[in-house]
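Here's the structure, in structure tokens; my notes come after.
By convention in this document, chain letters (A, B, ...) are assigned in the order of the sequence lines, proteins followed by strands, and residues within each chain are numbered from 1.
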Amino acid sequence: MKAPAIFEFFRRLAEANPAPETELAYVNDYTLLVAVVLSAQATDIGVNKATKRLFETVTTPEAMVALGEEGLRAHIRTIGLFNTKAKNVIALSEALIREHGGQVPADRDALERLPGVGRKTANVVMNTAFGAETFAVDTHIFRVCNRTGLAPGKTVLAVERGLEKRVPKPFRLGAHHWLILHGRYVCKARRPECWRCPLADLCRFNPKTLA
DNA sequence: ATCCCGAGGG
DNA sequence: CCCTCTGGAT
């Protein structure tokens, strides 16, 4: 996709959603980090449902450690991969207390060293909590970038590099949430709703564009 | 490449 | 039944 089309691509997404935000529920940096870890291969709605009660009493790594793995497991049993996630969140909380004074580090590499936190999760936290212009390539963004031709790539890292090179300055901060929301509600995995897509004429996947 | 793994939708 | 959901560790 050419530069002018890319600018128009994001201009329309920005027009439709002037203040893009995460749909994950959280109350501080720590709970955001936990929510993002829990969101792996799970829906935001499902995660919010489970954290609704959890975050009423647990909003710090100290409180999470006190709750314990078994206690946490009881809260997140309705989320996929709950066993691994419970283990990781407790270990991650212990690491925050031990190595970062109980605070969430505003550093991509430090975040990635935490148990259960990979590149994607670290990029989300950097963008959402600390306002960094990072591009967390998840299942939605990978799909949207390849379908539309915005930033094609065989791996998530290749797509991330493509976004870093192509997303225009004014849209870099919001790009992550614009792309994910577009993928979630319009450019869906199963049945993409091209007929109501504001980007259809810019997209190489849209049948009308191909015709 | 494989495992983890429940809820919701079609 | 099948697929998908803001992945990460081995």
Side-chain angles (χ1 to χ4, degrees), chain A residues 13 17 20-26 29-55 69-70 72-96 104 108-148 150-151 153-160 162-163 167 172-193:
Chain A
L13 290 179
N17 184 0
E21 293 178 335
T22 180
E23 294 189 324
L24 283 172
Y26 66 102
D29 293 350
Y30 172 69
T31 49
L32 171 66
L33 172 60
V34 172
V36 177
V37 169
L38 295 178
S39 71
Q41 301 293 282
T43 61
D44 280 7
I45 293 176
V47 173
N48 290 343
K49 194 173 167 186
T51 57
K52 169 74 173 173
R53 300 196 58 242
L54 176 65
F55 292 163
E69 190 177 323
E70 287 298 321
L72 176 57
R73 205 196 316 271
H75 279 276
I76 66 173
R77 223 172 262 284
T78 53
I79 305 176
L81 315 178
F82 68 89
N83 213 340
T84 306
K85 289 172 182 176
K87 197 179 303 289
N88 282 335
V89 168
I90 296 301
L92 161 170
S93 300
E94 293 172 338
L96 287 179
V104 177
R108 235 268 308 284
D109 294 324
L111 285 167
E112 272 195 71
R113 279 181 225 119
L114 296 170
V117 179
R119 189 179 185 85
K120 178 262 170 181
T121 298
N123 278 335
V124 172
V125 172
M126 287 304 295
N127 178 252
T128 304
F130 302 121
E133 295 178 347
T134 52
F135 304 102
V137 181
D138 57 29
T139 179
H140 293 300
I141 295 183
F142 185 77
R143 180 178 66 251
V144 170
C145 287
N146 275 295
R147 259 190 197 158
T148 59
L150 171 66
K154 289 180 168 52
T155 67
V156 293
L157 193 56
V159 170
E160 185 179 331
L163 288 171
V167 179
R172 296 178 78 83
L173 187 60
H176 170 68
H177 288 118
W178 278 316
L179 291 173
I180 201 169
L181 292 174
H182 182 66
R184 179 176 300 162
Y185 296 114
V186 181
C187 195
K188 303 178 183 179
R190 277 296 194 87
R191 287 171 54 221
E193 302 181 357

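Note on residues 73-89 of chain A: pairs passing salt bridge (Lys or Arg N to Asp or Glu O under 4.0 Å), not counting sequence neighbours, are A:Glu69-A:Arg73, A:Glu69-A:Lys87, A:Glu70-A:Arg73.
C:dT10 and B:dC5 have their P atoms separated by 15 Å, with the value rounded to a whole Å.
Residue A:Glu193 contributes atom CD, which lies 14 Å from atom P of B:dG9 at whole-angstrom precision. The nearest whole Å value for the distance from the CD1 atom in A:Ile76 to the P atom in B:dG6 is 12 Å. A straight line from CG of A:Leu38 to P of B:dC5 spans 14 Å, rounded to a whole angstrom.
In this structure, the side chain to side chain contact (heavy atoms under 4.5 Å, CB included) partners of A:Ala110, at least two apart in sequence or on a different chain, are A:His100, A:Pro105, A:Asp107, A:Arg113. In this view, A:Glu23 and A:Asp44, A:Leu181, A:Arg184, A:Tyr185 satisfy the side chain to side chain contact (heavy atoms under 4.5 Å, CB included) rule, not counting sequence neighbours. By the side chain to side chain contact (heavy atoms under 4.5 Å, CB included) test, A:Val117 pairs with A:Leu33, A:Val37, A:Leu92, A:Leu111, A:Leu114, A:Thr121, A:Ala122, sequence neighbours left out. A:Asn88 meets the side chain to side chain contact (heavy atoms under 4.5 Å, CB included) test with A:Thr84, A:Pro115; sequence neighbours excluded.
Panel note: side chain A:Asn127, backbone A:Ala132; a donor-acceptor pair is recorded below 3.5 Å.
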Protein proximity profile, nucleotides 1-10 of chain C - base contact B, sugar-phosphate-only contact S, no contact -, cut-off 4.0 Å on heavy atoms: -BBSBBBSS-

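A close approach under 4.0 Å does occur between a side-chain nitrogen or oxygen of A:Lys49 and OP1 or OP2 of B:dG8.
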